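What you are looking at is a predicted structure, and each value in this text was computed from that prediction instead of being measured.
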Amino acid sequence: QVQLVESGGGSAQAGGSRRLSCVASGRTFSTYHMSWFRQAPGKERNFVAAISWSGGNTRYADSVQGRFTISRDNAKNTVYLQMNNLGPEDTAVYYCAASTEWILVKTRPAYWGQGTQVTVSS
């Protein structure tokens with residue numbers, strides 16, 4: 001089992017940037033594929049980005065491709081989401097998630113963090 005704690009949320013101006021972090025407990029972090037999801041007010045939670053356990057594979061939602069970058073540091077048990085050129089449509093609670101199977105990173109991760117709020121004003 002792994003516990004996930006997100007940080008780095010807050011406010012940003014349109015066109016600005018923020019970096020989210022997610023620290024995982026346990027010594028098996030490097031065996032998990034990691035994802036970021038987000039949920040805007042009144043909407044369902046959607047996939048944002050994923051990275052394989054080694055960092056060798058990444059996936060992005062079309063809406064963030066080219067603006068967001070997911071990365072990880074297995075020595076620090078941490079996954080990051082660098083968000084650039086933010087817009088009001090990026091306002092959401094961002095969740096970190098962990099999966100044991102790559103095929104599930106976009107749909108059914110096994111573990112979830114509690115989320116961190118990102119608010120982008122125009």
Side-chain angles (χ1 to χ4, degrees):
Q1 190 168 350
V2 61
Q3 292 183 328
L4 306 171
V5 179
E6 303 96 334
S7 62
S11 299
Q13 295 288 324
S17 299
R18 289 204 75 89
R19 188 176 81 156
L20 305 182
S21 300
C22 172
V23 178
S25 64
R27 293 177 288 181
T28 59
F29 173 76
S30 61
T31 66
Y32 288 95
H33 309 298
M34 301 300 295
S35 308
W36 287 95
F37 289 74
R38 67 185 181 185
Q39 187 168 20
K43 297 187 177 181
E44 62 183 21
R45 188 158 51 186
N46 291 322
F47 169 77
V48 174
I51 188 166
S52 62
W53 67 270
S54 67
N57 290 316
T58 56
R59 295 289 185 273
Y60 294 95
D62 290 344
S63 58
V64 306
Q65 181 77 47
R67 299 188 299 123
F68 290 12
T69 303
I70 189 170
S71 61
R72 67 189 297 160
D73 185 338
N74 286 343
K76 296 182 178 180
N77 280 14
T78 303
V79 61
Y80 305 98
L81 186 67
Q82 177 66 43
M83 306 185 294
N84 297 329
N85 194 20
L86 287 163
E89 67 277 10
D90 297 313
T91 294
V93 176
Y94 284 73
Y95 296 91
C96 174
S99 304
T100 56
E101 299 181 50
W102 181 244
I103 195 172
L104 298 177
V105 293
K106 296 175 65 173
T107 57
R108 272 194 299 133
Y111 304 104
W112 293 89
Q114 293 190 327
T116 186
Q117 175 73 46
V118 174
T119 303
V120 184
S121 57
S122 57

*Are Tyr60 and Val118 linked, directly or through other ILVMFWY residues, by side chains that come within less than 4.5 angstrom of each other?*
yes
*Sole residue of Val2, Leu4, Val105 in side-chain contact (heavy atoms from CB on, under 4.5 Å) with Met34*: Leu4
*Nearest non-hydrogen partners of Glu101 and His33, listed with the distance*: C-CD2, 3.5 Å
*Which atom names give the shortest non-hydrogen contact between Ala40 and Ala92, and what distance separates them?*
N-CB, 3.8 Å
_Quick one: does any side-chain atom of Glu6 pair with a main-chain N or O of Cys22 as donor and acceptor, under 3.5 Å?_
no
*Shared hydrophobic cluster for Ile70 and Phe37 (ILVMFWY, side-chain gaps under 4.5 Å)*: no
_Side-chain touch Leu81/Phe68, heavy atoms, less than 4.5 angstrom_ = yes
*asked:* Quick check on the hydrophobic clustering: are Phe47 and Trp112 connected, directly or via other members, by side-chain heavy-atom contacts under 4.5 Å?
replied: yes
*Give a yes or no answer on whether the side chain of Ser30 reaches the backbone of Asn74 with a donor-acceptor pair at less than 3.5 Å.*
no
*Distance from Gln3 atom CD to Tyr111 atom OH, nearest 0.5 Å?*
10.5 Å
*Asn46 and Glu44, any side-chain heavy atoms less than 4.5 Å apart*: yes
*Cation over ring, Arg38 on Tyr95, under 6.0 Å and within 45°?*
no
*Return the minimal non-hydrogen interatomic distance between Ser35 and Ala50, and the atom names on each side.*
OG-CB, 3.8 Å
*For side chain to side chain donor-acceptor pair (under 3.5 Å), just list the numbers for Thr78 and Asp73, CA-CA rounded to whole Å, side-chain angles, deciding distance to a tenth of an Å, and then say yes or no.*
CA-CA 5 Å; Thr78 303; Asp73 185 338; over 6 Å; no
*List the atom of Arg18, the atom of Gly9, and the distance in Å for their closest heavy-atom pair.*
NH2-O, 3.3 Å
*Can you measure from OG (Ser21) to CZ (Arg72) and round to the nearest 0.5 angstrom?*
13.5 Å
_Test side chain to side chain donor-acceptor pair (under 3.5 Å) applied to Asn57 and Arg59, step by step_ = CA-CA 7 Å; Asn57 290 316; Arg59 295 289 185 273; 4.8 Å; no
_Hphob cluster co-occupancy, Val79 + Trp53, side-chain heavy atoms under 4.5 angstrom_ = no
*Quick one: closest heavy-atom pair of Asn85 and Ser17, and the distance?*
N-OG, 4.2 Å
*asked:* So, taking the atom named OG1 in Thr91 and the one named CG in Leu86, what distance separates them when rounded to the nearest 0.5 Å?
replied: 8.5 Å
*Treating Ile, Leu, Val, Met, Phe, Trp and Tyr as nodes and any side-chain heavy-atom pair under 4.5 angstrom as an edge, say whether Met83 and Val23 lie in one connected cluster.*
no
*Can you tell me how far CD of Gln39 sits from OH of Tyr94, rounded to the nearest 0.5 angstrom?*
12.0 Å
_Once rounded to the nearest 0.5 Å, what's the spacing between atom CD of Gln114 and atom SG of Cys96?_
12.0 Å
*asked:* I need the minimum non-hydrogen distance between Ile51 and Trp102, along with the two atoms involved.
replied: C-CZ3, 3.5 Å
